*Asks:* 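Structure incoming, see below.
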Amino acid sequence: MALIPLARLPGLQACRADAGGWVLRYGDEAIDWAELESRSNRRAHAFLDAGVKKGDLVTLAVRNSVGFYELMFALWKVGATPHVVSWRLPVHEMAGILEIARPAMLVATESEKMAAFGARPEGFGLDHQDVSPLPEVISRPWKAMSSGGSTGRPKIILAPLPAAFDDQIPYLLHLPRQGTILSTGPLYHNMPMLAGLRALFEGLRVVGVTRFDPEECLSLIQQHRVAWTYFVPTMMMRIMRLPPAVRAAYDVSSLQTVWHWGAAMPPALKMEWIEWLGAAKIWELYGGTEGIGTTTINGLDWLRRRGSVGRPVLDRLRILDEDGQDVPAGTVGEIFALPPGGRGTTYQYLGAETRAATEGYETLGDYGWLDEDGYLYIADRRTDMIVSGGANIFPAEIEGELMAHPGVEGAVVIGLPHPDLGAAAHALIQPATGWQDQLDGAQLAAFLTDRLARYKIPRSFELVSEPLRDEAGKVRRAALRDQRLLQQAM
């Protein structure tokens with residue numbers, strides 16, 4: 001089949017003989033294909049009337065909702081590129097991203113964004129009277145995402161491919177042939193957005209959540225006989241920490257595939273899910289929004305290679321030392337990748353430059369190693385590594401062990417200056433419910449004694465009340481570190 005413009009998909013799906021019933025649901029709002037087509041047409045005409053044209057970038061700072069998808073299709077219908085950002089960004093951070101993007105328009109959920117930047121409300125265009133189809137046009141690039149929260153330097157990642165769908169290209173996430181998927185994450189992150197859109201492209205039904213609640217997810221799986229879903233490790237931990245009777249009260253036998261991504265997975269937590277649902281249903285994905293270095297692994301393979309994130313799906317990987325030389329299997333180095341189409345075929349940056357190595361290989365800044373069979377293992381991000389007394393400490397390893405403690409809801413390890421060692425590991429701990437008065441640094445250090453080498457055990461611990469990661473499992477490590485340094489300086 002030839003490429004199908006994304007703008008045409010709602011209308012084509014609405015013409016199918018079996019297209020009745022809802023296709024997209026968030027909370028109490030559910031729409032069918034015909035409604036998705038008419039609503040996105042209304043919004044598209046409103047964009048045109050407001051001066052948005054082919055080739056423009058339009059920034060969407062919109063919450064999880066049916067409206068998010070309507071806006072995406074509407075922008076493709078006018079040939080514009082949707083630029084997706086977190087709707088919760090503070091005004092000063094939004095200003096920095098908009099300075100790079102220079103969008104033709106901003107559509108936002110929060111009123112403060114409307115006041116600060118003249119943003120249009122998330123319901124923009126729904127009251128437009130024209131529902132007629134628009135002339136066929138294809139956006140390029142088809143989407144743009146924002147990144148930079150962990151480093152503090154915003155950048156925009158453009159996906160240079162055209163806004164068109166080829167159903168002959170298999171999708172690596174093993175979506176079901178029919179039925180319903182559950183979208184659990186914030187749509188301003190790349191993988192949650194891609195998963196929901198691809199499911200729609202293939203004619204599946206999508207039920208989503210406005211915010212993650214572990215019991216609500218189990219209820220939705222049961223109610224809608226969900227076949228496919230995804231989580232980040234913190235979500236999976238919260239589900240596992242529900243009382244056993246609560247989990248057992250829901251029928252999740254419809255699940256065929258459960259993915260996790262977005263952050264390092266504690267091995268003990270992964271084993272719990274494998275024992276609960278079966279190894280064949282559990283899948284892991286590693287990769288970046290840039291679309292390079294993507295690997296996947298099934299639970300059955302993981303049991304044979306505990307800790308691996310799998311083998312490359314399409315890319316070629318190399319592990320290089322600081323001199324740009326390949327290292328032997330089992331040796332930690334920086335991960336470099338080359339997509340099948342060559343450098344620059346999967347992404348372009350606004351506001352940042354790529355790092356290249358020999359023969360066009362690029363890196364996203366992660367450290368890891370390959371085993372003899374080409375399976376990848378992640379150590380940590382280069383920017384997060386702590387050099388303490390000459391030893392390299394990878395925070396992700398420590399965080400994974402801390403998360404195995406029943407009293408730890410969240411854990412983030414950062415490096416802080418140390419007069420003798422240069423830097424020392426400092427652990428931020430979000431206690432689980434009921435553990436606020438039971439945890440202390442000595443107890444946590446003792447817990448880690450048999451799990452980590454002594455030099456890896458944090459020198460200090462800090463209990464915090466606020467969540468350390470967002471709904472997609474991401475952490476603003478640089479901001480957490482800067483806050484502690486400021487406190488030390490005062």
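Please read all numbers here as calculations on a predicted model, not as lab measurements. We number each residue from 1, following the sequence as shown.
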*Asks:* Can you see which heavy atom on Asn64 is nearest to which on Gly185, and at what distance?
*Replies:* ND2-O, 3.0 Å

*Asks:* For the residue pair Trp273 and Phe231, does the interplanar ring angle fall in the parallel (under 30°), tilted (30 to 60°) or perpendicular (over 60°) class?
*Replies:* tilted

*Asks:* So how far is it from Trp228 CH2 to Ser254 OG, rounded to the nearest 0.5 Å?
*Replies:* 14.0 Å

*Asks:* For Tyr347 and Tyr349, I'd like to know if the aromatic rings sit close, meaning centre-to-centre distance below 6.0 Å.
*Replies:* yes

*Asks:* Name every donor-acceptor pair, under 3.5 Å, that has one atom in a side chain of residues 399-408 and the other anywhere in the protein, sequence neighbours excluded.
*Replies:*
residue : atom : partner : partner atom : Å
Glu399  : OE1  : Arg469  : NH2          : 3.0
Glu399  : OE2  : Val413  : N            : 2.7
Glu399  : OE2  : Arg477  : NH1          : 2.7
Glu401  : OE1  : Arg451  : NH1          : 3.0
His405  : ND1  : Gly407  : N            : 2.9

*Asks:* Salt bridge check, Glu202 against Arg198: does any charged N sit closer than 4.0 Å to a carboxylate O?
*Replies:* yes

*Asks:* Taking the ring of His189 and the ring of Trp261, is the distance between their centroids below 6.0 Å?
*Replies:* no

*Asks:* Which distance, rounded to the nearest 0.5 Å, do you find between the CG of Asp32 and the CZ of Arg25?
*Replies:* 11.5 Å

*Asks:* How about Thr363 and Leu320: do any of their side-chain heavy atoms sit closer than 4.5 Å?
*Replies:* no

*Asks:* Quick one: CD1 on Ile157 to CG on Asn190, what's the gap to the nearest 0.5 Å?
*Replies:* 7.5 Å

*Asks:* Do the ring planes of Phe201 and Phe73 sit parallel (below 30°), tilted (30 to 60°) or perpendicular (above 60°)?
*Replies:* perpendicular

*Asks:* Under the salt bridge (Lys or Arg N to Asp or Glu O under 4.0 Å) test, which residues partner Arg8, sequence neighbours left out?
*Replies:* Glu136

*Asks:* Check the surroundings of atom CD in Gln178: do more than 12 heavy atoms from other residues, nucleotides or ligands lie under 6.0 Å from it?
*Replies:* no

*Asks:* Could you check whether Arg43 pairs with Glu37 (Lys NZ or Arg NE/NH1/NH2 to Asp/Glu carboxylate O, under 4.0 Å)?
*Replies:* no

*Asks:* Less than 4.5 Å apart, any side-chain heavy atom of Leu428 and any of Leu480?
*Replies:* yes

*Asks:* Taking the side chain as every heavy atom from C-beta outward, state whether Lys143 and Leu161 have any pair of such atoms under 4.5 Å apart.
*Replies:* no

*Asks:* Output yes when a side-chain donor or acceptor of Thr346 lies under 3.5 Å from a complementary backbone atom of Glu290, and no otherwise.
*Replies:* yes

*Asks:* Given 3.5 Å as the limit, does a donor-acceptor pair link the side chain of Lys281 with the main chain of Val258, or not?
*Replies:* no

*Asks:* Where do Leu317 and Gly293 come nearest, in terms of heavy atoms and distance?
*Replies:* CD2-CA, 3.8 Å

*Asks:* Counting only N and O atoms by type, is there a donor-acceptor contact under 3.5 Å from the side chain of Ser38 to the main-chain atoms of Glu35?
*Replies:* yes

*Asks:* Could you check whether any side-chain N or O of Thr180 sits under 3.5 Å from a backbone N or O of Val226, counting only pairs where one atom can act as donor and the other as acceptor?
*Replies:* no

*Asks:* For Pro176 and Gln256, which heavy atoms make the closest approach, and how far apart are they?
*Replies:* CB-OE1, 4.2 Å

*Asks:* Does Arg311 pair with Asp301 as a salt bridge, N-O distance under 4.0 Å?
*Replies:* no

*Asks:* Nearest heavy-atom pair of Trp302 and Ser308: which atoms, and what distance?
*Replies:* CD1-O, 3.3 Å

*Asks:* If you compare all heavy atoms of Ser146 against all heavy atoms of Ile97, which two are closest, and at what distance to 0.1 Å?
*Replies:* OG-CG2, 3.6 Å

*Asks:* Minimum heavy-atom separation for Ala144 and Ile156, please, with both atom names.
*Replies:* CB-CG2, 4.0 Å

*Asks:* Ignoring hydrogens and angles, tell me if any N or O in the side chain of Ser65 forms a donor-acceptor pair with the backbone of Arg63 under 3.5 Å.
*Replies:* yes

*Asks:* Does some side-chain heavy atom of Ile335 sit less than 4.5 Å from a side-chain heavy atom of Ile378?
*Replies:* yes

*Asks:* Any heavy-atom pair between the side chains of Leu338 and Asp315 that's under 4.5 Å?
*Replies:* no

*Asks:* Heavy atoms, side chains only, cut-off 4.5 Å: are Leu277 and Ile282 in contact?
*Replies:* yes

*Asks:* Could you go through the side-chain contact (heavy atoms from CB on, under 4.5 Å) check for Leu197 and Trp142 one step at a time?
*Replies:* CA-CA 12 Å; Leu197 287 172; Trp142 79 277; 4.1 Å; yes

*Asks:* Cation-pi check, Arg318 to Tyr361: give yes when NZ or CZ is under 6.0 Å from the six-membered ring centre and within 45° of the ring axis, no otherwise.
*Replies:* yes

*Asks:* Can you confirm whether Leu187 sits close enough to Val84 that some side-chain heavy atom of one is under 4.5 Å from a side-chain heavy atom of the other?
*Replies:* no

*Asks:* Do NZ/NE/NH1/NH2 and the carboxylate oxygens of Arg225 and Asp251 come within less than 4.0 Å?
*Replies:* yes

*Asks:* Please test Leu303 against Met271 for side-chain contact (heavy atoms from CB on, under 4.5 Å), starting from the C-alpha separation and ending with a verdict.
*Replies:* CA-CA 9 Å; Leu303 289 173; Met271 279 301 305; 3.6 Å; yes

*Asks:* Is a side-chain N or O of Ser40 found less than 3.5 angstrom from the main chain of Glu70, in a donor-acceptor match?
*Replies:* no

*Asks:* Would you say that Thr184 contacts Met235 through its side chain, given a criterion of any heavy-atom pair below 4.5 Å between the two side chains?
*Replies:* yes

*Asks:* With rounding to the nearest 0.5 Å, note down the distance linking CG in Leu444 to CZ in Phe461.
*Replies:* 5.5 Å

*Asks:* Run the side-chain hydrogen bond (donor to acceptor under 3.5 Å, both in side chains) check on Glu122 and Thr109 step by step: do they pass?
*Replies:* CA-CA 5 Å; Glu122 62 181 22; Thr109 292; 2.5 Å; yes

*Asks:* For Tyr250, give me all partners under side-chain hydrogen bond (donor to acceptor under 3.5 Å, both in side chains), at least two apart in sequence or on another chain.
*Replies:* Glu215

*Asks:* Measure the spacing between CG of Leu173 and CG of Leu285 and express it to the nearest 0.5 Å.
*Replies:* 6.5 Å

*Asks:* Using a strict 4.0 Å threshold on nitrogen-to-oxygen distance, state whether Arg241 and Glu272 make a salt bridge.
*Replies:* no

*Asks:* Can a donor-acceptor pair be found between the side chains of Thr59 and His83 at a distance below 3.5 Å?
*Replies:* yes

*Asks:* So does Gly434 get a backbone contact from the side chain of Gln438, meaning a donor-acceptor N/O pair under 3.5 Å?
*Replies:* yes

*Asks:* Rounded to the nearest 0.5 Å, what separates atom CG in Leu376 from atom CZ in Arg305?
*Replies:* 12.5 Å

*Asks:* Using modelled atom types only, decide if a donor and an acceptor are shared between the side chain of Thr331 and the backbone of Val327 within a distance under 3.5 Å.
*Replies:* no

*Asks:* Between Trp283 and Tyr230, does the ring centroid distance fall short of 6.0 Å?
*Replies:* no

*Asks:* Walk me through whether Leu24 and Arg205 qualify under side-chain contact (heavy atoms from CB on, under 4.5 Å).
*Replies:* CA-CA 6 Å; Leu24 189 56; Arg205 298 193 305 176; over 6 Å; no

*Asks:* In sequence, state the C-alpha distance, the side-chain angles, and the governing distance for Trp276 and Ile239, and then conclude on side-chain contact (heavy atoms from CB on, under 4.5 Å).
*Replies:* CA-CA 11 Å; Trp276 182 32; Ile239 289 174; 4.1 Å; yes

*Asks:* With the threshold set at 4.0 Å, does a side-chain nitrogen-carboxylate oxygen contact exist between Glu284 and Lys270?
*Replies:* yes

